[in-house]
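So the structure is just underneath, and the comments pick up after that.
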2 protein chains.
Amino acid sequence: MITLAEENYLKAILSISLNFDGKVSTNAIAGEIGTTAASVSDMLKKLQDKKLVKYKKYKGVSLTKKGNSFATSVIRKHRLWETFLVNNLNFDWGEVHDVAEQLEHIKSEELVDRLDTFLDCPKFDPHGEPIPAKDGKIPTTNTIPLNKLSEGTNGKVMGVTLDEKPFLDYLTKLNISIGTEIKLLEKIPFDQSISIKIVNTKQHISNDVAKHLLIKTN
Amino acid sequence: MITLAEENYLKAILSISLNFDGKVSTNAIAGEIGTTAASVSDMLKKLQDKKLVKYKKYKGVSLTKKGNSFATSVIRKHRLWETFLVNNLNFDWGEVHDVAEQLEHIKSEELVDRLDTFLDCPKFDPHGEPIPAKDGKIPTTNTIPLNKLSEGTNGKVMGVTLDEKPFLDYLTKLNISIGTEIKLLEKIPFDQSISIKIVNTKQHISNDVAKHLLIKTN
DNA sequence: AAAAAAGTTTAGACATGTCTAAAAATTAAG
DNA sequence: CTTAATTTTTAGACATGTCTAAACTTTTTT
């Protein structure tokens, strides 16, 4: 049986793997989960014993096939629940993360299958993040982070890669949501901040914001 | 903060209180939860410290106002989730208990409120059990267990008081569900078993089954 | 390549919740 | 009303998951 804490570690390892490649470091996991490196070390040994990760002391960790499958399943559940919360219970996209963090650990394959059907098998969650299918396949998009676009490019916001309320509230204030048309006007070399046009209004945003916006160019 | 284990103890104490009156015994709780009397003793001390129960060694336990309020809230959540699972995810009424046991511990008042609204503020769950309102008030019914009816009485099944798959599956096999019209034909003094008429078919059921069927007489 | 800094692991402790076995209190029986 | 049976509590142990402090690797700097 896999515990709640173990699921959270696997999910954290997968999240980090998706952004950086190579082995995942103890500190990175500690940062993601909000715990100490010592606790992570302890847990990695346990996950190793359960063949959920491949781990060499001081050398970082990676998921086994089995570990990857569990982690993917947790992310699938998280995103399906977020979809339910926003689509059916009228939660705002910034309010669903904490509740989904709890719901993702409910154990029932039947429940997930039926929820998926109920929601019409969505491919993306309310933040535009891909929802892994039952078989673990993750829908792909040909999107690029806004900060990688070149000046003058037009595109549409397809997703955000940060699920935190302050960030999402700020986007809402900027009138940015999934589907918003954006034109990149100017990139400032000094701080990598950028000017954009949204529905005929000029806005200026930092690189930290831009890098979390996934754009599909027209 | 109240933990998952504590919630389960409070719920168990409330369940037992509803069926028998007076103080609740350690053994009864152990039986309900499926643990040992020793574990119950330990936990009662902790619940006492948190002012969730009133407890005198060897003398049984009862819920404080605060404890009762938590326990009622857990039951509210359990029954709302069961309603969702049956009404919206097309689960059978015998399949929802275990999943609802997990869902009832999700912490978010907002979630419960919105789920309640989504379901149209149901007063009874798929088993006919009353769903406590947000303020803790429990809808009442003037129903009696089938085994307490007298011969010749007609009535309608309004609820069942046992949420276990083998029992519910058996009812389904007998063609009994919420709303079924039943006539009590004969009570056998020897074993308290009874003969009933359901949609013009005669059936014979044990007292153990009859006592868990709540009937509203015509 | 040695010293310093950064990252990681171990050791020991603690909190939660569980268990078994033994002791104590209560209730029932003769 | 004293013994026996039942119920309940305590004592001590264990598993999980966390933490701090100290020790140990690895990487970076000089």
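These figures come from a predicted structure and were not determined experimentally. These numbers come from the heavy atoms of this one structure, side chains and all, not from hydrogens, waters or symmetry mates. Throughout, protein chains are lettered first and strands after them, A, B, ... in sequence-line order, and every chain is numbered starting at 1.
Checking A:K57 against B:K59, the closest nucleotide of DNA chain D that is more toward the 5' end is the one next to B:K59.
Here the C1' atom of nucleotide D:dC24 and the NZ atom of A:K56 are 18 Å apart, to the nearest Å. When the P atom of D:dT18 is taken as reference, atom CG of A:L47 falls 11 Å away, rounded to whole Å. To the nearest angstrom, C1' of D:dT18 lies 9 Å from CG of A:D42. At whole-Å resolution of the value, CD in A:Q48 and P in C:dT9 are 11 Å apart. The separation between A:M1 atom CE and D:dG17 atom P is 12 Å, rounded to whole Å. One can place CE of B:M43 at 15 Å from P of D:dT10, the figure rounded to the nearest angstrom. Atoms CG (A:L44) and C1' (D:dT16) sit 16 Å apart, rounded to a whole Å. The distance between atom OH of A:Y58 and atom P of D:dT28, rounded to the nearest whole Å, is 17 Å.
Using cut-offs of 30° and 60° for the angle between ring planes, the A:H127 and A:W93 rings count as parallel.
Distances shorter than 4.0 Å separate some side-chain N or O of A:T3 from OP1 or OP2 on D:dG17. Applying the 4.0 Å criterion to OP1 and OP2 of D:dT18, one finds that A:S39 has every side-chain N and O outside that range. Phosphate proximity of C:dT8 to A:N27: present, with a side-chain N or O under 4.0 Å from OP1 or OP2. One finds no side-chain N or O of A:T35 lying less than 4.0 angstrom from the OP1 or OP2 phosphate oxygen of D:dT18. Dashed line: the shortest gap from a side-chain N or O of A:Y55 to OP1 or OP2 of C:dT9 is under 4.0 Å. Look at B:K46 and you won't find any side-chain N or O under 4.0 angstrom from OP1 or OP2 of C:dA15. Considering only side-chain N and O atoms, A:Y9 lies under 4.0 angstrom from the phosphate OP1 or OP2 of D:dT18.
B:K11 pairs in a side chain to side chain donor-acceptor pair (under 3.5 Å) with only one of the listed residues (B:E101, B:H105, B:E6, B:E32), which is B:E101. Of the residues listed (A:L149, A:I182, A:V209, A:L213), the one engaging A:I196 in a side-chain contact (heavy atoms from CB on, under 4.5 Å) is A:I182, and it is the only one.
A ring-centre distance under 6.0 Å is found for A:F84 and B:F84.
Within a 6.0 Å radius of NZ in B:K50, more than 12 heavy atoms belonging to other residues, nucleotides or ligands are found.
Nearest to the side chain of B:K45, among C:dA24, D:dT10, D:dT25, sits D:dT10. Ranking D:dT26, C:dG17, C:dA21 by closeness to the B:A38 side chain, first place goes to C:dA21.
Across all strands shown, A:T26 has heavy atoms under 4.0 Å from sugar-phosphate atoms exclusively, and none from any base.
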